Amino acid sequence: TSTKPQPSSLKRKGKKLVKTETTSSESNDVCTGMKSKKDRSIAKKIKSEDYVVKQESDSEANKGSVEEDEEDQWWLSESLENQSCNWETLEHNGVCFPPAYVPHGVKLKYKGMDIDLPPEAEELATFFAGVIGSQYESNPIFVNNFFNELKRSLENTPYGKLVVNFEDCDFSPIFEYIQQLREQKKNRTKEEKLEEKKANDALVERYGYCLLDGKKEKIGNFRVEPPGLFRGRGQHPKMGSLKAFVPEDITLNLGYAAPVPQAPEGHAWGNIICDPSVTWLATWHDSISGNAKYVFLSMSSKLKGMSDLKKYEKARELKSCVASIRKKIEAELLDDAMPVKQRATAIWLIDRLALRAGNEKGEDEADTVGCCSLRVEHISFQIKPDPENRKQKQYFIIFDFLGKDSIRYYNEVAVPKVIFQNLKTFATSAKKQRHDPLFEDLNSSMVNKYLNGLMPGLSAKVFRTYNASYTFQQELQNTPAVGTMSEKILAYNRANRQVAVLCNHQKTVSKSHSAVMDRLHVRLKVIKAERRYIKRELESRNCKSLSSSSSSNEESGVSSSGEDCVKSEVKSEVKSEAKSEVKSEEENGDSLDSSQESDSLKKIHTYSTEKLVKKLEVLGGRILTLKNNILDKDENKQTALGTSKLNYIDPRITVAWCKKYDVPLEKLFSKTLREKFKWATSVEQCWTF
DNA sequence: TTCATAACTTAGAAGGCTATTC
DNA sequence: GAATAGCCTTCTAAGTTATGAA
C-alpha cells in the first residue's frame, strides 16, 4: 500500500499525482487507508454536510458565529509568503457541460434550393445565423473560416460538392428561426421564468461551489465553454473557426481523498489529478489555439483575495524604491551598450506611460504589440518650440499602435531629449524598415529578469499597478473638503478616470449616448426654467409689497429709487431668460408639456413664500447634481472605469477615502466588488498606499 | 540561451437585471 | 405597467510571467 503523498512532494509542475478514477458512489472508501487523521475528520465533516453545498443567502451567511467570522478573515492571520501548496483537501462536483445540440430541421437555402443539413453542419450554420447583424457577419476572415468549416462538415455528404460558394448560401430561414426563439424567450411567462431560475439555481448549487480545506468557496466559471464560432478581437486570423467542445479532454483536479464526481451520462473525464500546487479545479484545451483553459475559484475566494493583496503589497514595495530604480534607469539611458540603452528606454516607457511588457506573438494571432514588441512604424517624432520659452525645444513621440484586444493606443507625449534621441537611434539604426522591431536587442523576459534583480518580484506589470494606484491616490486629493455627495462622487470618478486614461481602458461609445445627453440637457433646462418661474414669482410678490406704497410710480413707469430700478431690471432679465429657455426647448422639440407647465405654474402661485424659498433651494441642489451627472457622463463616454477599479487600484485607497469623506462604500463598489475586496474593508481612514 | 507552455491576471463585449421615467 | 437606461455580472479572449526542457 502506498502512503498519502504529502503536498510538498507534489509542488513541482509536471509531477502531478494521477488519481485512479472512482465515482462518488464508491468514493470515500477507496483512499481510506491513506488518509491522515486531519483528512479523516474533514471527510467526516464533508459527509455530514451532504457534500452538495447549499447556497446561503447574504443574511444566512452573516449569521455565522464570531469564531467562524474570524476564521474567514484570513487577511488578519495568513502569511503572504509564497507557498508551494494552495490547499490540503479539495472537493467539487466537476464541471457543468453545455447542453447537447438538438437539431431544429430548419433548412439552409443554397441557390434557392432547400438543403437538409446533417446535424453537425446545421449546428455550424446556426452558429453563423447567430452572428447575423453583428460586425462578424461582414468580416471576410470570419466568413471565410466559417465557410471552410461548413464545407468540411459537408465533405462526405451529397452536398459536399454542391455547396461551394458562400454567396449562394441563404441563412435567413435559420436566422428567422433564431429570432423566433429570442422572441419566445423574451415573452416567457412569470412561471416559465421561475421554472428556469429554479433549474439554474440547481446547477449553481451542484457545480458552483467547492470545499477547499473544508471551507465552502464559490467557483468562478464552472460551466465549460459551449461550442461556437471563435470570436477573436481585432483582425484575428482564426475568427470564425469552430471552437469545439471535447468532453473527454477535461481534467479534474481533486484532493487525494475526495470522491471523483460522476461524469455526465455517456462521457468520461479525460483525467483526474491531485495537484495542490495549482489553484485550478478543471482544465481542458481550446481547440483553436491549443491553449489550456481553466476553472478557477471566484474572485471573492480566499485564494484570489490573497493573490490580490500580494499584488498590491508588491506595488507598495515598488513605491518605496521607485526613486532609486528610476535613477538607475536614467543613468542607463546614456549607456554605450545598445542592449542596456534599449532596456532602459523600454523600462522608462513602461514606467512613465504604463505600457504593457509586450510579448512576441505568433502568426496565428492578431497583430497587436506592447512595449518590447513595438515596431518602427508605431512611433513618429516631432520637435516643437517650447511655448513658454521659444528658444527651447520640446521633444514629442507620437505613439500609434494596437494594444491588447486590438484597442488603439494613440498618445502624443512630450519626452526628455535623451528618450527622443534614443528612440530615434533605435528606429533609424541598421537601415531598419517600418515593420522592423524598435527594440531588436530586447524582449519582455529580459526586461523582467532585470527588474527582478532590482527588486525581488518586480516585473513590468507591477509598474502599471503601482502607477495606477499612486495616480489614483494623488488625484483623490482634489476631493472638495466640503461638498455634496454628488460632488464627492464626481471627484472620485474623475480620479478613477485619470487612471483609466493612463492605462488606456476604453469602451465603445454606446449608440444611445448622444440621445441620452440631449435628454439630460433638456431636463436640466426644464428645472432651470422652473427655478426661474419661482424666482419671478418671488420677485413679483416682493414688488407687490413694495408697490402698495409706490404703485403710482410703477404705473407711470417712473422709478422712485435706484433699488426699484435694479428690481425691475432683474425682473425683465428673468422674464427674457425664461422666454429664451422655453424657446430653446421648443427648438429642441422637447419642451415641457403645456398642461404640465401650466399646472406647475398654477401650483407655484398657490404656495406660500417660505415654501417657494425652500423649493428654490431644492431645485438648486437638483441642478447641481444633474450638472455633475452630465459632466461625469460626457467625460466618461469612451473611457471604461471598471477595469482599473477591478484590477489596478488598491481597494484600500477607496475604503480609506470613503471613511474620510463619509461616503458609503456601496456608492462606489458593487456587491461583487465588495465581496472581492472584503480583505480591504477594515483599513482606517488614514491608510495610504 | 531559446523555446514552449502552464498558470495565472487582465480585458471588453454581451446580455441580464433593476431602477427610473413616462 | 411598459419602455428605457444604465449598472452589474458573466463570458471568454488576450495578455503576462515563471519555469522546465532542449
Side-chain angles (χ1 to χ4, degrees), chain A residues 12-16 82 86 131 134-136 182 185-186 193 196-197 200 220-226 228 230-234 236 238-239 243 253 275 277-280 283 285-286 288-299 303-304 307-308 310-311 350 356-362 365-366 368-373 402-407 443-449 451-452 457-462 464-465 468 500 503-508 510-513 515-517 519-520 523 593 596 629 633 636 640-648 669-673 675-676:
Chain A
R12 288 166 68 88
K13 276 182 197 171
K15 290 211 171 172
K16 288 163 189 166
N82 276 336
N86 292 295
V131 303
S134 78
Q135 42 142 345
Y136 292 110
R182 280 178 187 159
K185 196 176 175 197
K186 231 166 78 185
K193 280 182 190 168
E196 261 173 56
K197 195 182 175 299
N200 187 51
N221 55 325
F222 57 85
R223 287 172 223 265
V224 185
E225 293 168 21
F230 176 64
R231 299 182 184 204
R233 309 261 167 88
H236 198 297
K238 293 283 184 79
M239 64 161 79
K243 194 181 75 167
N253 192 16
D275 185 358
S277 73
V278 296
T279 66
W280 55 262
T283 183
H285 293 94
D286 175 17
I288 302 281
S289 62
N291 292 340
K293 300 253 181 167
Y294 301 91
V295 169
F296 290 111
L297 293 184
S298 88
M299 57 186 183
L303 284 181
K304 294 285 186 197
S307 161
D308 246 8
K310 269 189 223 167
K311 175 180 75 180
I350 286 167
R356 296 186 184 86
N359 294 318
E360 279 119 291
K361 294 193 73 185
E365 293 172 286
T368 61
V369 295
C371 184
C372 296
S373 49
L402 295 183
K404 183 177 179 180
D405 291 311
S406 295
I407 298 291
N443 62 45
S444 56
S445 75
M446 288 156 82
V447 165
N448 284 335
K449 214 171 242 178
L451 290 174
N452 192 58
L458 183 61
S459 66
K461 84 187 184 90
V462 180
R464 238 166 114 81
T465 313
C503 295
N504 199 38
H505 292 146
Q506 298 188 23
K507 65 177 183 195
T508 47
S510 82
K511 284 175 202 162
S512 58
H513 177 78
V516 168
M517 291 306 285
R519 235 164 288 161
L520 284 176
R523 206 193 299 167
D593 181 69
Q596 277 180 332
N629 194 1
K633 235 173 224 134
N636 226 14
L641 302 189
T643 307
S644 48
K645 213 188 240 187
L646 196 67
N647 301 299
Y648 288 104
F669 281 179
S670 68
K671 192 176 154 233
T672 351
L673 274 190
E675 281 290 305
K676 177 183 159 94

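Each chain gets a letter, A, B and so on, in the order the sequences are listed, and its residues count up from 1. Keep in mind it's a predicted model, so treat the numbers as computed, not measured.
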>> Strictly under 4.0 angstrom, non-hydrogen atoms only: write out the protein contact profile of nucleotides 17-22 of chain B, one letter per nucleotide from the 5' end, B, S or -.
In response: ----S-
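- The separation between A:Lys461 atom NZ and C:dA18 atom P is 9 Å, rounded to whole Å.
- For the pair A:Glu360 CD and B:dT2 P, the computed distance is 10 Å after rounding to whole Å.
- Between the P atom of C:dG15 and the CG atom of A:Leu402 lies a distance of 10 Å, rounded to the nearest Å.
- Looking at A:Arg231 and A:Tyr136, their side chains never bring a donor and an acceptor atom within 3.5 Å of each other.
- For the pairing with A:Asn359, the side chain to side chain donor-acceptor pair (under 3.5 Å) check across A:Ser444, A:Ser373, A:Ser445 returns one residue only, A:Ser444.
- A donor atom on one side chain and an acceptor atom on the other are not found under 3.5 Å apart for A:Ser289 and A:Lys238.
- One atom, CG of A:Leu641, and another, P of C:dG6, lie 14 Å apart when rounded to the nearest Å.
- For A:Asn359 and B:dA6, the CG to P distance is 16 Å, given to the nearest whole Å.
- Within the nucleic acid shown, A:Ser307 comes within 4.0 Å of sugar-phosphate atoms alone, with no base atom in reach, counting heavy atoms only.
- OP1 or OP2 of B:dC8 sits under 4.0 Å from a side-chain N or O of A:Thr279.
- Listed nucleotides: B:dT9, C:dT17, B:dC8. Nearest to the side chain of A:Lys304: B:dT9.
- Atoms CZ (A:Arg182) and P (B:dA14) sit 12 Å apart, rounded to a whole Å.
- For the pair A:Tyr294 and A:Asp308, both in contact range of DNA chain B, the more 5′-proximal nearest nucleotide belongs to A:Tyr294.
- Every residue meeting the side chain to side chain contact (heavy atoms under 4.5 Å, CB included) condition with A:Ser670, not counting sequence neighbours, appears here in chain and number order: A:Thr672, A:Leu673.
- Using modelled atom types, one finds no donor on one side chain facing an acceptor on the other under 3.5 Å when comparing A:Ser459 with A:Asn448.
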Atom pairs, N/O to N/O, protein against nucleotides 8-14 of chain C, distance under 3.5 Å?
| from | atom 1 | to | atom 2 | distance (Å) |
| --- | --- | --- | --- | --- |
| C:dT9 | OP1 | A:Thr672 | N | 3.4 |
| C:dT9 | OP1 | A:Thr672 | OG1 | 2.5 |
| C:dT9 | OP2 | A:Ser670 | OG | 2.8 |
| C:dT9 | OP2 | A:Thr672 | OG1 | 2.1 |
| C:dT9 | O5' | A:Thr672 | OG1 | 3.1 |
| C:dA13 | OP1 | A:Lys243 | NZ | 3.1 |
| C:dA13 | OP2 | A:Lys293 | NZ | 2.4 |
| C:dA14 | OP1 | A:Arg233 | N | 2.6 |

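- Residue A:Arg356 contributes atom CZ, which lies 5 Å from atom P of B:dA11 at whole-angstrom precision.
- Using a 4.0 Å heavy-atom cutoff across all strands shown, A:Lys449 reaches no nucleic acid atom at all.
- Remark: C1' of C:dT16 and CE of A:Met446 are 17 Å apart, rounded to the nearest angstrom.
- Taken to the nearest 0.5 Å, the CG atom of A:Asn504 stands 12.5 Å off from the NZ atom of A:Lys404.
- Ring pair A:Phe230/A:His236 is perpendicular by interplanar angle, where above 60° counts as perpendicular and below 30° as parallel.
- Atom NZ of A:Lys449 has 12 or fewer heavy atoms from other residues, nucleotides or ligands within 6.0 Å.
- The two residues A:Asn221 and A:Tyr294 make their nearest non-hydrogen contact at ND2-O, 2.9 Å.
- OP1 or OP2 of B:dG12 has at least one side-chain nitrogen or oxygen of A:Thr643 nearer than 4.0 Å.
- Nearest-nucleotide positions on DNA chain B for A:Ala640 and A:Asn291 put A:Asn291 closer to the 5' end.
- In this structure, NZ on A:Lys304 lies 9.0 Å from NZ on A:Lys676, to the nearest 0.5 angstrom.
- Residue contacts shown for A:Gly358 are limited to sugar-phosphate atoms, with no base heavy atom under 4.0 Å away.
- Within 4.0 Å (heavy atoms only), A:Thr508 reaches sugar-phosphate atoms of the nucleic acid but no base atom.
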